[in-house]
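Some notes on the structure that comes next.
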Amino acid sequence: MKRLLKGGRVIDPANGIDGVHDLLIEDGRIARVGRDLPVEGATVVEIPEGLVVCPGLIDMHVHLREPGQEHKETVASGVASAVAGGFTAVACMPNTSPVNDNANVTSLILAKAAEANLAHVYPIGAVSKGSKGELLADIAELKQAGCVAITDDGHPVATALLLRRALEYAGMFGMPVIEHCEDSTLKGDGVAHEGFHAASLGLRGIPGAAEALGVERGVLLSELTGSAFHVAHMSARASLRAVRKGKEAGVRVTCEVAPHHFTLTDEALASPIPYDTNVKMNPPLREAADRDAMLAGIADGTVDAIATDHAPHHYDEKKVEFDRAPFGIVGLETAVPLSIDRLVHSGLIRLPRLVELMSTGPARILRVAGGTLSPGAAADITVLAPDLKVRVRASQLRSRSKNTPFDGWELRGGVAATIVGGRTVYVNPESVMGSGVM
Amino acid sequence: MSSTSQEIDPKQAVTALRRKDLLGIAELSPEEIELVLDTAEAMKEVGTRPIKKVPALRGKTVVNLFFEPSTRTRTSFEIAEKRLSADTLNIAIGTSSVVKGETLADTALNLEAMSPDMIVLRHASSGACHMLSRICRSAIINAGDGMHEHPTQALLDAFTIRERKKKLAGLKIAIIGDLLHSRVLRSNIHLLTKLGADVWVCGPPTLFPTDIRRFGVTATSVVDEAVRNADVIMLLRIQLERMEGAYFPSLREYFRVFGMTEERMRLAKSDVMIMHPGPMNRGVEIASEVADGPYSVILDQVANGVAVRMAVLYLLAGGAEHEEAA
Amino acid sequence: MPVVMDADRIGRTLTRIAHEIVERNKGTDDLALVGVRTRGVPIARRIARTLREITGNEIPTGSLDITLYRDDLMRHAVGPQPLVRKTEIQFSIDDRKILLVDDVLYTGRTTRAALDALIDYGRPKAIQLIVLVDRGHRELPIKADYVGKNLPTAPEESVQVRLIEIDGEDEVVLETGGGA
């Protein structure tokens, strides 16, 4: 089966392509990218002007909640949300119930993903058994079952010694250790960024230093072991500083930033809705200087990836006092509009850099296929509509949960279509592609 | 102002609290604050009559929903409500039932189904009153939410000061104690700065809220600086139940460095007022001689609490149920 | 706007009322004056002064704020609560004959509220009502014992009483538009 995507602006930074090209898909793989490709035998899809064709986006930090918390999300609803957000692949975190510290849970996740048959799912396994921070999980087993990385996300690896061992051991398989960087004692029972707004509202604070301390620890241990260390959901300027210094020294450290951390600040605690639990996540929304540092890191290349930390929570769980609400917001379907609107249209970066952050970078860090449109690669393709007017409607998200602070936001930039293995798995009815042959 | 022999101009700019709830001092204008204090004066007189009752809130139902233990505040509200002839209902919920049973939202919605006109809420979580205000049609009065605000306390403190000093503008007011965890502190800072007082806050640096100076106050850890020439000294309780973590080495050391003793008081003005929202830890934040001494107005604060709460209940009850804050 | 009573007339009327009080009560024993805020208060004080001039006796005088006793307090859908001012009655009203003083008697509801308030203060021997102007249109069975002037009015008219102590001049004016 041949399909020709004709006339779109193809952006493939890995191959240095940025311009109007045709893209030929054959049997689920990319056959050719070039100009004025012959059309015989192929179904032709005209890509309207202004749309961008790029390697499928990969979200390397997603909580799919299955097994055990299906009231919040399942693998099926999660990947449906992912493809609606333009993602052809997601990497899912192990803090399920039970924790993904063994082949059984990993296999379950992969089976559910196969059943849903939408986006690729790359499971991330636990560092320690039950993520309890005592004994290493069976990392080789996890690798064999299909895990691409390990983490105890939700909290940091319990001790420096355990993190060291995890880095050494996982390094054997070329698996990165992904870390929720935090000093637990400094975090205490904080619920918001330690700053003026938390002080005014009487909320216990989490200082940026709590995260930075965890980053510094990881960088040093990565240097010591020579293994790959990845900073999950970075939010503080001191963390960025530590990553930058590590990179300058040649340490194998990478980092990701979530869209909410480059868009919002702790002002959101007070307005428009004071104590809105949809503004509560860990790491928290920080002050403007931290948000601006994240933007600077995205622009200067220190930041390697954008990842959403998509954390669905049921409506009932969030409809409680701020102190008691669980941390986290959904993000799969708002990532592209926020990224294009706040990063590209603002002039901070250009689209090729965005593709690096959302596709090439994650693929490289996780060492999975994807991130390029090279001939022979799987035809995982995202068609972006950078000028599409998007209105975020929480009630219409495909995720089971609707916990987002962006409800009602009007942004410029969206997804036109998502293609996985040559098959169109999502078309945005509100884009120009909505009525076309896809 | 407080002169009673003058007739007040009936065309005064603010004659109502045009809002559904009293969630905090932060949202009040100085004129609204003065209105509450002026009304409280009239209410105080009701307590001197042989029949301490007026029919102003007759037929209104007020629920006192207290998730934290409190005798003083709850009793004060109850007396205030009864003096206005309202029907009162006290619900005291132990912390264990919060954990096991209904959520705050469900408790409130169930109550709401029985149409209370006002709910007075005290809760351990900051923002609980904001949450309730979004859910319930009833007027919500904040009787203390977590570390956030305790607006009626600040109002009665201001009333007590104004009784003696006639005004708040220009007074040096020192607030000493556990600043970090205190909702009384935040409410008082908002109110006193809005009315033009010179506010100094003092305590160990471990107990400073972040960016405290952004609240418009002078912050110091040197007690003598705060106390020197002060017109009013407010002591805050060292909140034992809210603390975990090493904020200072011991109560003994706290008393030695920050406790208000007669000697320390001498740096203040000769007619200084000593205040405390209660309950006191004698020998920790305040020496007994000071608490019981001639400069202490701590019991006046308690008496004024009823009048101020009557004023708040009265002024909020008159607002329309569905009227947005102006 | 027609001036219904000028300063002179008001003065003579209050003097006449003072004499009536003494006559009807056969002296001033056990009398006390309570003015209803706002303008009933200066009227009560003037009457007290005249009574002192006539009889040589000091009649205790107080002021009563009836805001918290009004029957229309919670009835407004919009609009502010009326401002509450202080009641000052420094003497016991038990077993006294209270002369309740107000500027205008209209529907009678203010007087009803004042009666309720007074009775919460104690148990007077009797209560008599003094008004400067009675403009008719009673909604309750209330009657004044002493009336300065009977003034028939239409409902859309309003009676404005101005007194030196509050408004800087003495006069009673009849205005069209708005109830008093």
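Chain letters run A, B, ... following the sequence lines, proteins first, then strands; residues in each count from 1. What you see is a predicted model; the values in this text were computed from it and never measured. What's counted below: heavy atoms across the whole structure, side chains too, no hydrogens, waters or symmetry copies.
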For the OG1 atom of T39(B) and the NZ atom of K86(C), what is their distance to the nearest 0.5 Å?
12.5 Å
Gap separating the CD1 atom of I89(C) from the CD atom of E45(B), nearest 0.5 angstrom
8.0 Å
Check this for me: K52(B), atom NZ, are more than 12 non-hydrogen atoms of other residues, nucleotides or ligands nearer than 6.0 Å?
yes
If every non-hydrogen atom of Y69(C) is compared with every non-hydrogen atom of K53(B), which pair is closest and at what distance?
OH-O, 3.3 Å
When rounded to the nearest 0.5 Å, the distance separating CD1 of I51(B) from CD1 of I119(C) is 9.5 Å
Is it true that atom CZ of R134(B) has more than 12 heavy atoms of other residues, nucleotides or ligands lying nearer than 6.0 Å?
yes
More than 12 heavy atoms of other residues, nucleotides or ligands under 6.0 Å from CD of E23(C): yes or no?
no
